[in-house]
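Start at 1 and go down the list; that is how both ligands and their atoms are numbered. Worth knowing before you read on, the calculation uses all heavy atoms, side chains too, and leaves out hydrogens, waters and symmetry mates.
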Amino acid sequence: MSEHNDKIEQLATRHKFDEPVFVTRPTMPDLSDYQKSIAKIWENQWLTNYGPFYRQFQVELMQYMQVEHLTLFNNGTNALMVALQALRINSGEVITTPFTFAATSHVLYWNNIKPVFCDIEPETFNIDPGKIENLIGPDTKAIMPVHVYGNPCDMKAIEKIAQRHGLFVIYDAAHAFGVQLNNRPLSDFGDISAYSFHATKLFSTIEGGALVSNSKSRNDRVHSLSNFGIANEETVIGPGINGKMNEMQASFGLLELQLVENEIAKRQKIAIQYRKFLKDIPGVRTLDDIPGVKHNYAYFPILIDAELYGTDRDNLNIILRKCNIIPRKYFYPLCSHYPCYRSLASANPDNLAVAEKTASQVLCLPMYGALTSETVDIICQMIKSIHEIYVTF
Ligand code: T4K
């Protein structure tokens, strides 16, 4: 045991990065370009409430995303909140995944809806359509899947179930910006898709998000609900919220849009480099690209099988951090483990076996365009060396 520790300490000292290598870094537009945008905002003194940058960003984003109806939000969580209100889902149950960020379950709770947790598929870590129907009851209103790490859910299967039972489908597409299936955006499926443009996302507006739907009337309702339900100066259509994206965010987004394809291309190279190196290390599993999908490489998750690798995910995480490499356990703990949800019948770990196992094994490695191939190489070497130390001693 102490031999392990000595070896690990030596390794950590040898390879410690001077600066932390975070799980992600935002893509930053050129500062002088952003200063020019800010100067315009100062000039016209229009700060929020659908100013010129909002409108231009909305148009350019719709072109990029190949969608016809889109409302911008100040963050992805408010977008999800409004998606539920737009569909008038404010009671009953919604079937969702526990393998996601807190926001997915919390927006249900805030809308007075009981989350019903469904297990995930072992290949994609997305909700398992084969396990949804068992969870449908008289109070079920909708299904809220997440395209986890940007990998598309089995949308055809989910659509069939929703149609059979008359349920809405709201996709949490927070990770899926720029992802396409057979050259079409994922938002072609479901009733509404919610995107996040948070600083930690592939594409950012500092904080921000968007709702995409395929219907003009639904988008009109979403738009009003994002502005307190105000339809015009004398009409309030419903209990809306302040979800509007401001001009600083929108102008940032316009500049980001020019960078996003290049960012995806850089990340793709990094994903290829990681996969090539890691595939030969016993106990380390990576995800492959899916045929027909244009991926965005938003995250780079690996799964650690402790028996084969020699030590477990938590120990690997600790050792990498000694070297100033800061991976993240997205998504551990499962939402079903949070104190506010764990007493729900659907939170029973016995029914969420794949999600439980995945959450105990997953580690998201650093992934962002500015990551150098040398850094990726060192991270991979570290993961290999740690395995070797544990299987040798
Ligand atoms: N649905 C899903 C499936 C989601 O994943 C999310 C958000 C949402 C809904 C809600 O969307 P938003 O309302 O957030 O738009 C982060 C993000 O805050 C969150 O947006 C994201 N998911 C989640 C997966 O990750 P944390 O708590 O892990 O972030 P934090 O602050 O620890 O940042 C991670 C790393 O990123 C840092 O170690 C360094 C780097 N970083 C972070 C920030 C904020 C930077 O380099 N610069 C920065 O400005 O939640």
Side-chain angles (χ1 to χ4, degrees), residues 17 19-29 34 71-84 94 96-111 115 117 120 124-127 144-153 170-177 179 186 190 192-212 226 241-246 248-249 252-253 256 263 267 296 298-301 317 320-321 324-335 338 355 359 362-371:
F17 284 92
E19 298 294 329
V21 183
F22 291 116
V23 69
T24 193
R25 304 267 39 209
T27 313
M28 300 299 289
Y34 194 43
T71 297
L72 294 167
F73 279 82
N74 47 13
N75 61 57
T77 305
N78 274 339
L80 278 169
M81 291 287 289
V82 167
L84 290 157
V94 168
T96 188
T97 168
F99 190 73
T100 179
F101 188 60
T104 315
S105 310
H106 288 351
V107 296
L108 297 174
Y109 190 95
W110 277 61
N111 276 296
F117 296 112
I120 59 172
T124 62
F125 314 144
N126 290 327
I127 197 165
M144 194 153 86
V146 180
H147 301 298
V148 179
Y149 308 133
N151 289 323
C153 295
I170 299 146
Y171 281 107
D172 180 339
H175 303 173
F177 185 78
V179 178
L186 304 189
I192 300 189
S193 294
Y195 291 86
S196 164
F197 305 150
H198 183 261
T200 55
K201 297 295 189 296
L202 158 78
F203 173 80
S204 139
T205 57
I206 307 173
E207 291 267 3
L211 281 186
V212 175
S226 76
I241 200 170
N242 185 353
K244 295 167 294 185
M245 176 175 280
N246 69 45
M248 301 288 275
Q249 293 173 294
F252 194 93
E256 287 269 303
E263 175 68 16
R267 286 172 180 238
N296 67 1
Y299 296 84
F300 195 84
N317 183 35
L320 290 177
R321 281 166 187 245
N324 236 349
I325 301 163
I326 321 288
R328 293 297 291 265
K329 299 188 228 173
Y330 295 133
F331 291 102
Y332 173 90
L334 297 173
C335 295
Y338 301 169
V362 74
L363 197 61
C364 286
L365 298 181
M367 170 52 94
Y368 49 92
L371 204 60

For [atom], grab the closest protein heavy atom and report residue, atom and distance to one decimal in Å.
| atom | result |
| --- | --- |
| atom 30 (P) of ligand 1 | R328 NH1, 3.9 Å |
| atom 31 (O) of ligand 1 | T200 CG2, 5.0 Å |
| atom 5 (O) of ligand 1 | H175 NE2, 2.8 Å |
| atom 40 (C) of ligand 1 | T24 O, 3.2 Å |
| atom 46 (O) of ligand 1 | R25 NH2, 2.8 Å |
| atom 47 (N) of ligand 1 | P26 CD, 3.6 Å |
| atom 26 (P) of ligand 1 | Y330 OH, 3.8 Å |
| atom 1 (N) of ligand 1 | D172 OD2, 2.7 Å |

Using a strict cut-off of 4.0 Å, indicate which atoms of ligand 1 neighbour a heavy atom of [X].
| X | answer |
| --- | --- |
| A103 | 8 (C), 9 (C), 10 (C) |
| G208 | 15 (O) |
| V146 | 3 (C) |
| A199 | 49 (O) |
| S196 | 11 (O), 12 (P), 15 (O) |

In the structure I gave you, are the side-chain heavy atoms of [X] and [Y] within less than 4.5 Å of one another anywhere?
| X | Y | value |
| --- | --- | --- |
| Y149 | C364 | yes |
| T124 | V148 | no |
| L80 | D172 | yes |
| M144 | V107 | yes |
| R321 | I326 | yes |
| T100 | C335 | yes |

- Query: Hey, is T77 touching ligand 1 through its side chain, its backbone, both or neither, going by heavy atoms under 4.0 Å?
  - Reply: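 Answer for T77: both.
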- Query: Which bit of Y195 is near ligand 1, meaning a heavy atom under 4.0 Å away: side chain, backbone, both or neither?
  - Reply: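 Neither part.
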- Message: Centroid separation under 6.0 Å, is that true for the rings of H147 and Y299?
- Response: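 No, too far apart.
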For ligand 1 and [X], I'd like to know whether there is a polar contact (N/O to N/O, distance under 3.5 Å).
| X | result |
| --- | --- |
| T100 | no |
| E207 | no |
| Y299 | no |

- Task: Decide yes or no on side-chain hydrogen bond (donor to acceptor under 3.5 Å, both in side chains) for H198 and S196, but give the supporting numbers first.
- Result: CA-CA 6 Å; H198 183 261; S196 164; 5.7 Å; no
- Message: Atom OH of residue position Y338 - does it have more than 12 heavy atoms of other residues, nucleotides or ligands inside 6.0 Å?
- Response: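 Yes, the 6.0 Å shell around OH holds more than 12 heavy atoms from other groups.
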- Whether over 12 other heavy atoms sit under 6.0 Å from Y109 OH: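 Not buried by this count: 12 neighbours or fewer within 6.0 Å.
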- Query: Taking the minimum heavy-atom distance to atom 22 (N) of ligand 1, which of K201, K329, H198 ranks first?
  - Reply: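 It is K201 that holds the nearest heavy atom.
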- When you measure from atom 39 (C) of ligand 1 to each heavy atom in F22, F101, F73, which option holds the nearest one?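 Nearest option to atom 39 (C) of ligand 1, by heavy atoms: F22.
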